[in-house]
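Just below is one structure, and these are the notes that go with it.
No hydrogens, no waters, no symmetry mates; every other heavy atom, side chains included, goes into these values. Quick note: residue numbers are just sequence positions, from 1.
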Amino acid sequence: MNQQKISFQSIYVAIFFAQGALIPYMTLFFSQSRFDLSPGQVGTIVAIMPILSIGVQPLWGMLADRTGRVRAWLIIAMLGAAALSLTFLFATSYVWIIMLMIAWSIFQCAHIPLVDMMTLEYTSRAKIDYGAIRLFGSAGFAIAVFVMGRISDTTWGLASTFLLSAVMLAIGTLFVRSVSEQEPKQVHTTAPFQWSAVWNGPFIAFLIGGMLVFGPIYANNYYFGIYVTSIGGSTTLVGTLFLVAVLCEIPFMKVAYQIVSRLGTVNVLAGAALISALRNGWLALEPPIWVVWILAIVQGLVVGLLIPVALQFVRSLVSRNVVSTAIGVYMAITSGLATAGFNLLSGFIIEYNSIIGIFWMYTVVNILGAVLFFGLRRFRVKG
């Protein structure tokens with residue numbers, strides 16, 4: 001069992017390392033003069049994966065459920081993304097990059113839902129805390145952004161982002177192969193599903209607030225690198241700041257439930273959204289670098305609280321028989337639709353304004369999300 005646990009932890013390190021080597025530096029990579037792309041075009045490119053994830057992730061899950069071969073599909077998805085990553089090194093035209101991004105995103109979208117399916121099955125069988133394995137993903141992401149920041153300042157340049165991501169995914173498949181896969185014991189049937197059990201008033205209000213809060217937070221991962229370099233920082237600094245932010249998520253995730261027990265779920269969600277707005281507004285004022293370091297810690301606080309607390313709140317808003325569906329809808333709306341929308345909007349704001357305009361927009365939107373979260377208190381009192 002210990003060897004299996006190590007294998008799962010290694011898979012998470014590889015998958016999230018591959019993401020950390022790419023996502024924070026993707027806009028910087030495509031903003032290079034050799035591509036001759038406008039900020040709006042760059043925003044469109046980085047919005048493709050979140051848009052596709054809305055529909056593609058459930059399809060990968062259905063495929064795995066129908067065949068019972070989660071491990072095999074995960075290996076295919078990781079190798080497919082690794083191979084397509086290398087092709088970006090030779091693409092120059094906008095149309096060609098768009099086509100490659102669509103193909104790459106189809107495989108990339110599968111990694112997290114498929115590995116989560118395998119891990120949840122293993123942790124329930126082995127009586128192991130899922131968080132003890134998932135934290136290695138955060139560690140892998142943090143290490144990647146730090147390492148990539150240092151590498152990108154060398155002669156290898158930003159092109160090494162795709163190369164490093166491909167190598168880590170290929171290595172990760174070796175750990176996937178070492179994981180034993182349980183054969184499905186029986187076919188499960190489900191009762192007729194009623195969407196009305198999911199689309200209740202509080203849940204819809206939470207989704208709208210979640211889009212306004214999580215959308216800017218996830219879009220920040222794509223545009224923060226441009227912000228740091230625009231105020232005179234290096235790509236090494238970008239990686240170091242991401243490292244600080246992600247490492248700070250871990251302790252706040254561990255104490256999130258204790259804070260909720262004292263302050264209440266809605267107050268924590270709304271408070272974290274207001275802190276996120278304060279952080280974005282402060283960045284928009286172009287503070288000195290030492291303040292940006294402090295704001296990286298603040299970002300870790302916000303994300304570390306929001307992710308577990310929001311998931312817990314979703315579970316409380318719907319009946320038990322539709323919890324999985326509600327969580328799937330929540331993930332698709334916040335990390336998919338909202339991220340894609342704010343990526344596109346951010347790209348056009350840069351084109352017609354500046355990178356500072358993006359963070360003013362994030363500030364206003366986060367405040368609106370906090371107001372909606374505070375409004376959920378009346379539902380909870382009535383509930």
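- Separation of atoms OG (S165) and CD (Q19) is listed at 8.5 Å; rounding is to 0.5 Å.
- In this structure, N343 and Y218 have side chains that are not in contact, with every pair of non-hydrogen atoms separated by 4.5 Å or more.
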**OP:** Show your working on side-chain contact (heavy atoms from CB on, under 4.5 Å) between L243 and V147 and close with a plain yes or no.
**Re:** CA-CA 9 Å; L243 173 68; V147 171; over 6 Å; no
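- L278 and V213 are members of different hydrophobic clusters when ILVMFWY side chains are connected at heavy-atom separations under 4.5 Å.
- Between atom OG of residue S105 and atom CG of residue L100 there is a gap of 10.0 Å, rounded to the nearest 0.5 Å.
- Considering all non-hydrogen atoms of both residues, F252 and L301 come closest at CD1-CA, 3.4 Å.
- At least one side-chain heavy atom of I45 sits less than 4.5 Å from a side-chain heavy atom of L37.
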Subject >> Audit row: F342, V365, side-chain contact (heavy atoms from CB on, under 4.5 Å) steps and yes/no >> reply: CA-CA 10 Å; F342 281 101; V365 170; 3.6 Å; yes
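- Under the 6.0 Å distance and 45° angle rule, R279 counts as a cation-pi partner of F224.
- Under the 4.5 Å side-chain heavy-atom criterion for grouping Ile, Leu, Val, Met, Phe, Trp and Tyr, I367 is not connected to L212 through any hydrophobic cluster.
- Checked by atom type, the side-chain pair S346/Y362 shows a donor-acceptor distance below 3.5 Å.
- Transitive grouping of hydrophobic side chains (ILVMFWY, heavy atoms separated by less than 4.5 Å) keeps L344 and I349 in distinct clusters.
- If you take CG on N280 and OH on Y227, they are separated by 10.0 Å, rounding to the nearest 0.5 Å.
- Minimum interatomic distance between N267 and F374 (heavy atoms only, all atoms of both residues): OD1-CE2, 4.0 Å.
- The distance from atom CD of Q32 to atom OG1 of T27, rounded to the nearest 0.5 Å, is 11.0 Å.
- Minimum interatomic distance between L164 and A21 (heavy atoms only, all atoms of both residues): CD2-CB, 4.3 Å.
- Just one residue in the list F90, Y25, F88 forms a ring pair (Phe, Tyr, Trp, His ring centres under 6.0 Å) with F162, and that residue is F88.
- The backbone N or O of Q41 lies less than 3.5 Å from a partner atom in the side chain of S38, making a donor-acceptor pair.
- In this structure, R71 contributes its side chain and V179 its backbone to a donor-acceptor pair below 3.5 Å.
- Summarising the geometry of A284 relative to I356, their closest heavy-atom pair is O-CG2, 3.1 Å, with the distance given to 0.1 Å.
- Side-chain N or O atoms of S276 include none that pairs as donor or acceptor with a backbone N or O of A272 at under 3.5 Å.
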Subject >> Derivation and outcome, side-chain contact (heavy atoms from CB on, under 4.5 Å), residues M99 and Y94 >> reply: CA-CA 9 Å; M99 297 300 293; Y94 178 59; over 6 Å; no
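- Follow the hydrophobic side-chain contacts under 4.5 Å out from F107 and you reach V115 in the same cluster.
- Residues Y223 and I350 form a side-chain contact, since some pair of their non-hydrogen atoms from C-beta on lies under 4.5 Å apart.
- Closest non-hydrogen pair, Q108 versus A81, comes out as OE1-CB, 3.6 Å.
- No side-chain heavy atom of F214 sits less than 4.5 Å from a side-chain heavy atom of T339.
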**OP:** Evaluate the side-chain contact (heavy atoms from CB on, under 4.5 Å) criterion for residues M148 and T161: first the C-alpha distance (whole Å), next the side-chain angles of each, then the deciding distance (0.1 Å), finally the verdict.
**Re:** CA-CA 7 Å; M148 191 59 242; T161 55; 3.5 Å; yes
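- Taking OG1 of T173 as the reference point, atom CG of L79 lies at 4.5 Å (rounded to 0.5 Å).
- Side-chain contact between L22 and F29: absent, with no pair of heavy atoms (C-beta onward) separated by less than 4.5 Å.
- The aromatic rings of F206 and F203 sit parallel to each other, their planes meeting at less than 30°, with 60° as the upper class boundary.
- For R262, the CZ atom counts as loosely surrounded, since its 6.0 Å shell holds 12 or fewer non-hydrogen atoms of other residues, nucleotides or ligands.
- Contact of the H111 side chain with the L169 side chain is registered, since non-hydrogen atoms from C-beta on lie closer than 4.5 Å.
- For the pair I106 and V56, the tightest heavy-atom approach, listed with the atom from each and the gap, is O-CG1, 3.7 Å.
- With a 4.5 Å cut-off on side-chain heavy atoms, F8 and F175 do not count as touching.
- Between the OG1 atom in T334 and the CG atom in L207 there is a gap of 8.0 Å [rounded to 0.5 Å].
- Distance alone, capped at 3.5 Å, is enough to place a donor-acceptor pair between the E351 side chain and the G40 backbone.
- In the hydrophobic cluster analysis, where Ile, Leu, Val, Met, Phe, Trp and Tyr join through side-chain heavy atoms closer than 4.5 angstrom, L263 is grouped together with V266.
- Looking at heavy atoms from C-beta onward, T87 lies out of side-chain contact with W104 at the 4.5 angstrom threshold.
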